[in-house]
Amino acid sequence: MKNLSLALATLLLAVPALAAESQAVPAPAVDPAKPALEAQQPTVPVAPPALDASADALKRPLPARDTADVGLKGEYSVGVFNPLKVALVDGVELQLQPLLFFVAPNVLFRVAHGEMGGFRWASEYGVYCPTPLMKLTQGYAIPTWSKGGGQVGWLLVPSVGIAGTYGKRTESTLTFAADLTVGIPLTHNDATGAGSIAPLDDLLSPVTTGLRLRVNATYDLSLLTWLRARAYLGLSLHGKNPSPITMTGGGSLDFAVGRYSRFTLGFMWWNSDSNAIDYATHQHVRSNDFFPTIDFIWAG
């Protein structure tokens, strides 16, 4: 009996142990060489999304601006001083100058015409009304108009132009452009040449002299993926000024900001007849004016 009780007790103790052993999952075998192989695998760092986007923006070359290229539908850009540009459809772009829009309503359309002779071509068709600006500046920027009871009439100023660009926008480009602008009086107008600062004289010359023909050339060069340099020269022919020729030129550096936008810093030069007199010789001389340029162009 004693032996039976001992056997029964042993059996009772063994059954739970056998049950637990049957339910246990065997541990997987470990290859002693595997940890060493894993240690030899190179670790590739993963950049945070924001840093990755910034790196991608720096890799994307900054394209040339003010070329004959017309954007795809939905592309846009606007600056403080540079015009608003919106591609309405592929190859058709709307432009207007926001700073002048409420004092000189303006609009311009650009249409792409494809490539020919190694140049990409586009035509331009615009119109603006300078009368509100002329009335606001009468007696200030344009003092001669306030004398003699002259009347500033209502006018429309249509323009037509063409531009051609050679070279890739992300590398170096050479752009030639020409446009013809005429002033059409709708009511009686006594306004004559302003004789003030050259950029304003040039803007209003189709009104005050009847027409303006402009030609210019621009060279735009990529220095780095985020930096561009550009230089331009231009010539304007007017109708009735003492000297019908105005020359202009300038240069700038464009710095990429983000993926599409840019900050620009440069200068412009104007050589014009503004009725200046050399006080030493009392001779009529042409004026040379220099102006700094700065802008931020937001694009997308």
Side-chain angles (χ1 to χ4, degrees), residues 57 60-88 92-112 120 122-128 130 133 157 159 161-163 165 169-170 173-179 181 197-200 202-204 212 214-223 226-234 236 248-270 289-300:
R60 185 187 301 272
L62 187 65
R65 59 186 173 95
D66 297 336
T67 65
D69 298 287
V70 180
L72 301 177
K73 181 180 179 180
E75 293 182 348
Y76 66 89
S77 70
V78 61
V80 179
F81 302 104
N82 277 268
L84 169 66
K85 303 178 182 180
V86 180
L88 304 178
V92 178
E93 185 177 83
L94 166 69
Q95 287 190 20
L96 58 87
Q97 179 51 262
L99 278 182
L100 293 176
F101 188 80
F102 295 102
V103 294
N106 60 92
V107 66
L108 184 141
F109 292 92
R110 302 179 74 231
V111 181
R120 301 181 298 280
S123 57
E124 302 178 349
Y125 312 91
V127 64
Y128 71 94
L133 175 63
V157 185
S159 64
I162 189 169
T165 296
R169 287 190 69 198
T170 55
T173 60
L174 178 62
T175 300
F176 296 101
D179 64 75
T181 307
I197 60 174
L200 183 59
D202 188 70
L203 174 68
L204 298 179
R212 180 191 64 205
R214 291 189 304 191
V215 292
N216 63 71
T218 304
Y219 183 69
D220 201 311
L221 174 66
S222 175
L223 302 178
W226 53 270
L227 177 64
R228 299 193 68 92
R230 64 195 304 266
Y232 66 91
L233 283 174
S236 294
T248 183
S252 68
L253 292 174
D254 291 9
F255 303 85
V257 179
R259 180 170 294 187
Y260 301 108
S261 303
R262 69 184 73 200
F263 174 78
T264 73
L265 182 65
F267 74 97
M268 58 181 178
W269 160 74
W270 291 79
D289 302 307
F290 292 86
F291 303 95
T293 60
I294 186 172
D295 206 353
F296 177 78
I297 302 176
W298 182 41

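Predicted, not measured: the structure shown is a model, and the values here were computed from it.
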In terms of side-chain geometry, is the basic nitrogen of Arg230 or Asp254 positioned less than 4.0 Å from the acidic oxygen of its partner? no
Under 3.5 Å donor-acceptor pairs involving side-chain atoms of residues 95-102, not counting sequence neighbours:
{"residue": "Gln95", "atom": "NE2", "partner": "Glu93", "partner atom": "OE1", "Å": "3.2"}
{"residue": "Gln97", "atom": "OE1", "partner": "Leu99", "partner atom": "N", "Å": "3.4"}
{"residue": "Gln97", "atom": "NE2", "partner": "Phe81", "partner atom": "O", "Å": "2.8"}

Rounded to the nearest 0.5 Å, what separation is found between the CZ atom of Phe109 and the CG atom of Leu88? 6.5 Å
Check Asn216, Thr248, Asp202 against Ser236 for a side-chain contact (heavy atoms from CB on, under 4.5 Å) and give me the one that passes. Asp202
Counting C-beta onward and ignoring hydrogens, is there a side-chain heavy-atom pair between Val107 and Leu94 closer than 4.5 Å? yes
Run Arg60 and Thr170 through side chain to side chain contact (heavy atoms under 4.5 Å, CB included) and show every step you take. CA-CA 9 Å; Arg60 185 187 301 272; Thr170 55; over 6 Å; no
Does Thr264 use its side chain to pair, donor to acceptor, with the backbone of Ile294 at less than 3.5 Å? no
So do Tyr125 and Val111 actually touch side chain to side chain, heavy atoms under 4.5 Å? yes
Identify the heavy atoms of Ala64 and Arg169 that sit nearest to each other, and give their distance. O-NH2, 2.7 Å
So which atom in Ser261 and which in Ala299 form the shortest heavy-atom distance, rounded to 0.1 Å? OG-N, 3.2 Å
Which atom names give the shortest non-hydrogen contact between Arg65 and Asp220, and what distance separates them? N-OD2, 3.7 Å
Taking every non-hydrogen atom, the tightest pair across Thr181 and Ser159: OG1-CB, 3.4 Å
Identify the residue among Asp69, Leu221, Thr67 that makes a side-chain contact (heavy atoms from CB on, under 4.5 Å) with Thr173. Thr67
Neighbour count >12 (heavy atoms, 6.0 Å) for atom CH2, Trp269: yes
So, Arg262 side chain and Pro63 main chain: donor-acceptor pair closer than 3.5 Å or not? yes
Can you pull the salt bridge (charged side-chain N to carboxylate O under 4.0 Å, His left out) pairs that have at least one residue in residues 76-88, sequence neighbours excluded? Asp66-Lys85
Can you list the steps and then say if Leu203 with Tyr128 is a side chain to side chain contact (heavy atoms under 4.5 Å, CB included)? CA-CA 11 Å; Leu203 174 68; Tyr128 71 94; 4.2 Å; yes
Report the distance from atom OH of Tyr219 to atom OG1 of Thr175, rounding to the nearest 0.5 Å. 11.0 Å
All heavy atoms of Ala229 vs all of Leu253, minimum pair found to be CB-CD2, 3.7 Å
For a quick test of reading the model, state the closest non-hydrogen atom pair linking Ala122 to Arg110 and the distance between them. CB-NH2, 4.3 Å
For the backbone of Gly266 and the side chain of Thr293, can you confirm whether one donor and one acceptor N or O come within less than 3.5 Å of each other? yes
Over 60° means perpendicular and under 30° means parallel, so tell me whether Tyr76 and Trp298 are parallel, tilted or perpendicular. perpendicular
